[in-house]
Structure formats: C-alpha cells, structure tokens
Amino acid sequence: MSSIAQPKTYLNYINGQWVSASTGEVEASINPAHKDEIVGYVQKSSLQDVNDAVAAAKQAQKAWKKLSGNARGEYLRKAADILESRIDEVATTATREMGKTFPETRGEAARGIAILRYYAGEGMRSIGDVIPSSDSEALMFTTRVPLGVVGAITPWNFPIAIPLWKVAPALVYGNTVVIKPASETAVTCALLMECFAEAGIPAGVINMVTGSGSVVGQGLVEHPDVNGITFTGSNSVGKQIGQAALARGAKYQLEMGGKNPVIVANDADLDLAVEATISGAFRSTGQKCTATSRVIVQSGVYEAFKAKLLEKTKEITVGDGMKPGIWMGPCSTEKQMQTVLNYINKGIEEGATLILGGKQLQEGEFAEGFYVEPTIFENVTSQMVIAQEEIFGPVLALMKVETIEEALQLANDVEFGLSASIFTTNIRKMLAFINEIDAGLVRINAESAGVELQAPFGGMKKSSSHSREQGRAAIEFFTSIKTIFVK
Ligand code: NDP
C-alpha cells in the first residue's frame, strides 16, 4: 500500500449544500493500482436524495433561465479558473480512482477547463434564425429554450471531461442539472462540484447525488420532473434508460460503445499507422469508447505491420499511473479486469491466435492492482465474439484482407459505428472510406481515439441514440426550439 493521507468522506451537493445521504451510508472508492487503498468515501444515496436534488434543481431553474446566457457563462468561466488552479489535484484524484496515467488525466482536466470556457462563450452566440414568412407583414423567427431539469449519468472512463461536456452546455442554455457520476469515480466528480460551488453558482443550479446506478441513476431517469437525460456508458444500461425516458416522454441522449476499426492500406505510412494503432488501442488501458479494437491490414504490408506492432507494443511500460515513466495503468476495477480476461479466453477458445500478452500481471507490485498485459490476437474472423463485442480493455484483433473493399466490408460488419480510421496515402481510398464507413467519427491517418471539444461527437448504429454531444451540436439536445410568428 502506498503512503497516502487518511481518506476523506465526500458529501452529496444538493441545493448549494454539502449533505449526507438519507441512508447514512457511505461507500469506498478504491485505487485500482493499489486495491487496498481507499481514495475517499462517497454517499450511498437513496431515492429520497434524488427527490431532494430534483426539487432543488426545479426550483432553481425558474431564476436561472431568466439570466442572460452571458451571465450564466460567467459562472462557467469562474469554475474553469478554479479547476485550472486545482488541475494537479483533480488529475491525481482521477488517476487514483480509475487508473489511467497522470499525464492522461492531466490532459483530460485541461480539456475540461477548455470545455467550460468554450461553453461560457456559447452563452453569447446565436440561438435562432429569422425565417421569411409568407405574410409580408409578419416577423417569423426561432428561439431556443432550456428543457428544464437535466439528469446527467456519467461513466468512469473520462471522469472529468464527460461530466463537464454534459453539464457545461446544459447550464449555459438555461437548464439546471442533477448529476449522478459513476460510483468508481465519484470523488473526482465531487471535486468538480467544489469548483462550481466556489465559483458561486446559485444554489440548486447544479446538484450531485452519488450512489448506485440502479437506485440513483434509475431514480433520475424515472423522475417526472427530470425533463432530459444525458447518459454515457454501456449499451445494456443505455437501452433501459432510453426505454424508460421514452415511456414518460422525456428527452434522452445516449452515448454508448464502439468496436472501432483501423484499416491499414498497402500504401500506408507504416510507422505512423503502428504508432496510432498502439495509442488508440492501449492508451487508457483500452477503456475509451473510441479505442481501436480491430486492425484490418492489407496483405501486402501485413507481415511488416505486424512485426513493427509487436516490437513497439512490447515497449509499453505497465504500472501505477502515478509513477513517472508508466505508459499504461491498470483496468479500472476488478470486474472490468475479469471482463477483459474472459474476452481473452473467449478469443483463444474461438481459435484466434494469441501473439502477445493475454495474461493478468500478478508478480510483485502488480498483485496490488488489476493489471492485464497489452494483448494482440491474429487470425481473427468477423464472426468471433472478440471481433464483435466491446471489450473495453487492452486487447487488439488483427485481421488480414486482400482489398480495400474487403476491409470496408469487415470494418462495417459490427453493430457499432462510433469511430473508424484508415491509414493510406491514396486519395481515392480516403474518399471511399469517408463515403462508405459507418461511423460518426471518421479519421484519416490519425488514431481512432481523439475528439475535439468544438466538434460534434457521437456515433451511428448502436453506438448512440443518434444525437451529438460537444461543440455547437450540444444545443440540439439541451434546448427546444420555439417558432415565433409576430403580426
Ligand atoms: P454502466 O453503463 O453500468 O455505467 C455507466 C453509468 O450508468 C454509471 O454512472 C452507472 O452507475 C450508471 N448506471 C448503471 N445502471 C444504471 C441504471 N439501471 N439506471 C441508470 N443508471 C445506471 O457501465 P459500467 O461502468 O458497468 O461498464 C460496463 C461496460 O460499459 C464497459 O465494459 C464498457 O464496455 C461500457 N462502457 C462504455 C463507456 C463509454 O464511454 N461509451 C463508458 C463506460 C462503460 P454505477 O457506476 O453506480 O453503476
């Protein structure tokens, strides 16, 4: 166990107050690099706490929506400055809660700050159009109004950026928010709430209730006063949320999994392709919805690509993400590690050839955490489970094809459609890829992971409920359009 101060207990944030859960119970957030180390205790809330938070958010929305967009944005700007002053603390907490390396969580926190500033500016941009009426004496235009109370249910893999890219646009467009963060990273979310509180945001405008998905998450989804639900996480939970929201007429937005392909063409820059494949597949221990999980390589460069890929992947240093020089941290939880190991066994059973890794790391310090070796399979066919299901771990499937047409067919042969990339120097292949690939994020000569906060983010097929987050696209979910006719 590493030497860290006594764990603190974090409270719910409701109506501008830090409060204990009505159950009186707390649960521990564990460091996946040192499973005996408790990062902090968070509240194990009940439906009563959800009801209190929603009531506060509903009350606060009356005044919040009357502020100008610029005035609302000012709170985001202040929260950004406070987060910036605490960036190392927040990044350290995120690394200790979910395992990815400190440079990665620090980069994520920097992105969070940029997200807050971007949406602060959004409060001053256009929210409607003037449309010529067929009546020459009338003025017709659109404006946008907030949904009301928004429930945000967030995952553990981006514990800073995802909460912020949901909360910031929700707030700036005049909604109030109740957030339920993933239990694994609830302490990090509490630190984000501290930034909003310190920024002086009015009571009830943002609220956090921690606790289980099945109680707090579901309670939010089913609450009659929650007008919109924005969710990122697994497909199975997303589907339930979508159905429950639809049943009571609430607006919903789901961002879910991916099975993202990279195509490496015969004319690709192989060094670039190898570097991007490794970064896409193994950064964050493969726990990104945009992670690379299948590499489809044309036969002309297959052996050369494979040799370079193996050589470079063997150089990955695995360990505690807080240690300098570590490139890949542990899986975020023991359950996640078991899921990954089960998929690796499934791949072996199905007849894929394991060419690197495949095992849990358990020697010495590794015994303290949830570590899996960077793992590569070849001879993977599209029917195999490891070629179809999201693994969310450091596991890569290599597939060999003759033609680009075959590569595209394989790339699209999954239920997901989040992100996809191709490595080629041929413009014809690039254009074919842009036209044919089923993916919301299309990347040319760049890794499948990687999003920019000012651009729309989201997937096709089962990867999302077809709405988009981030950039200006966020306005579509967090507002409703009013069409106005003045005579
Ligand atoms: P979940 O979908 O279970 O969790 C995501 C969020 O939903 C968490 O805040 C969770 O709360 C909450 N939740 C869980 N059950 C419900 C419910 N019934 N109603 C409302 N909210 C609920 O994902 P997991 O963390 O269990 O990860 C499982 C798999 O999901 C991963 O292996 C990966 O494949 C995928 N995933 C995809 C992500 C993405 O970025 N697209 C992110 C995370 C996971 P709590 O934490 O308390 O359970």
Side-chain angles (χ1 to χ4, degrees), residues 21 27-30 32 42-45 47 50 97-100 108 151-159 161-163 165-166 178-189 208-223 226 229-245 250 252-260 284-291 293 331-343 370 372 385-386 388-395 415-419 440-441 448-449 451 457-459 462-465 469-470:
E27 59 190 332
S29 171
I30 303 294
V42 293
Q43 303 300 307
K44 212 171 166 183
S45 308
L47 270 186
V50 175
E97 276 200 300
M98 61 73 64
K100 74 181 161 195
E108 186 187 338
I153 301 177
T154 56
W156 42 261
N157 61 335
F158 285 94
I162 294 180
W165 84 48
K166 292 182 186 299
V178 179
I179 183 167
K180 189 233 113 34
S183 297
E184 292 86 351
T185 51
V187 173
T188 304
C189 192
M208 178 191 75
V209 183
T210 60
S212 78
S214 56
V215 175
V216 177
Q218 201 170 324
L220 261 183
V221 172
E222 292 175 353
H223 199 297
V226 174
I229 290 283
T230 172
F231 165 84
T232 301
S234 64
N235 278 68
S236 55
V237 172
K239 198 170 167 188
Q240 285 175 43
I241 289 178
Q243 284 168 347
Y252 63 92
Q253 173 184 58
L254 315 170
E255 286 303 334
M256 301 171 286
K259 191 68 194 170
N260 312 298
S284 288
T285 322
Q287 301 171 132
K288 295 182 186 176
C289 48
T290 52
S293 61
C331 297
S332 66
T333 59
E334 186 162 16
K335 184 171 151 242
Q336 196 62 36
M337 178 183 74
Q338 283 309 337
T339 303
V340 172
L341 293 171
N342 289 344
Y343 274 115
F370 311 128
V372 177
V385 169
I386 58 164
Q388 289 295 325
E389 293 183 11
E390 181 175 51
I391 299 176
F392 232 55
V395 181
E415 291 186 324
F416 298 103
L418 185 53
S419 166
L441 302 164
S448 67
V451 296
F457 171 75
K462 286 195 176 165
S463 289
S464 88
S465 59
E469 299 190 275
Q470 303 197 65

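Indexing begins at 1, ligand by ligand and atom by atom, following the structure's order. The first residue in the sequence is number 1, and the count goes up from there. Side chains included, hydrogens not; waters and symmetry mates left out as well; all remaining heavy atoms used. The model shown is predicted, which means the values in this text are computed figures rather than measured ones.
Residues passing the ring pair (Phe, Tyr, Trp, His ring centres under 6.0 Å) test with Tyr252, sequence neighbours excluded: none. Residues satisfying the side chain to side chain contact (heavy atoms under 4.5 Å, CB included) test with Met256, not counting sequence neighbours, are Phe231, Asn235, Leu254. The side-chain hydrogen bond (donor to acceptor under 3.5 Å, both in side chains) search around Thr230 returns Lys166, Gln253, not counting sequence neighbours.
For the pair Glu108 and Lys100, the salt-bridge criterion is met [side-chain N within less than 4.0 Å of a carboxylate O]. Under 4.0 Å is where a charged nitrogen must lie from a carboxylate oxygen, and between Lys44 and Glu27 no such pair does.
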Should Glu97 and Thr188 be marked as a side-chain hydrogen bond (donor to acceptor under 3.5 Å, both in side chains) after you check the CA-CA gap, both sets of side-chain angles, and the distance that decides it? CA-CA 8 Å; Glu97 276 200 300; Thr188 304; 2.6 Å; yes
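Residues of the protein with a heavy atom under 4.0 Å from ligand 1 are Ile153, Thr154, Pro155, Trp156, Asn157, Lys180, Pro181, Ala182, Ser183, Glu184, Gly211, Ser212, Gly213, Gly217, Gln218, Phe231, Thr232, Gly233, Ser234, Val237, Gln240, Ile241, Met256, Cys289, Lys335, Gln336, Glu390, Phe392, listed by chain and number.
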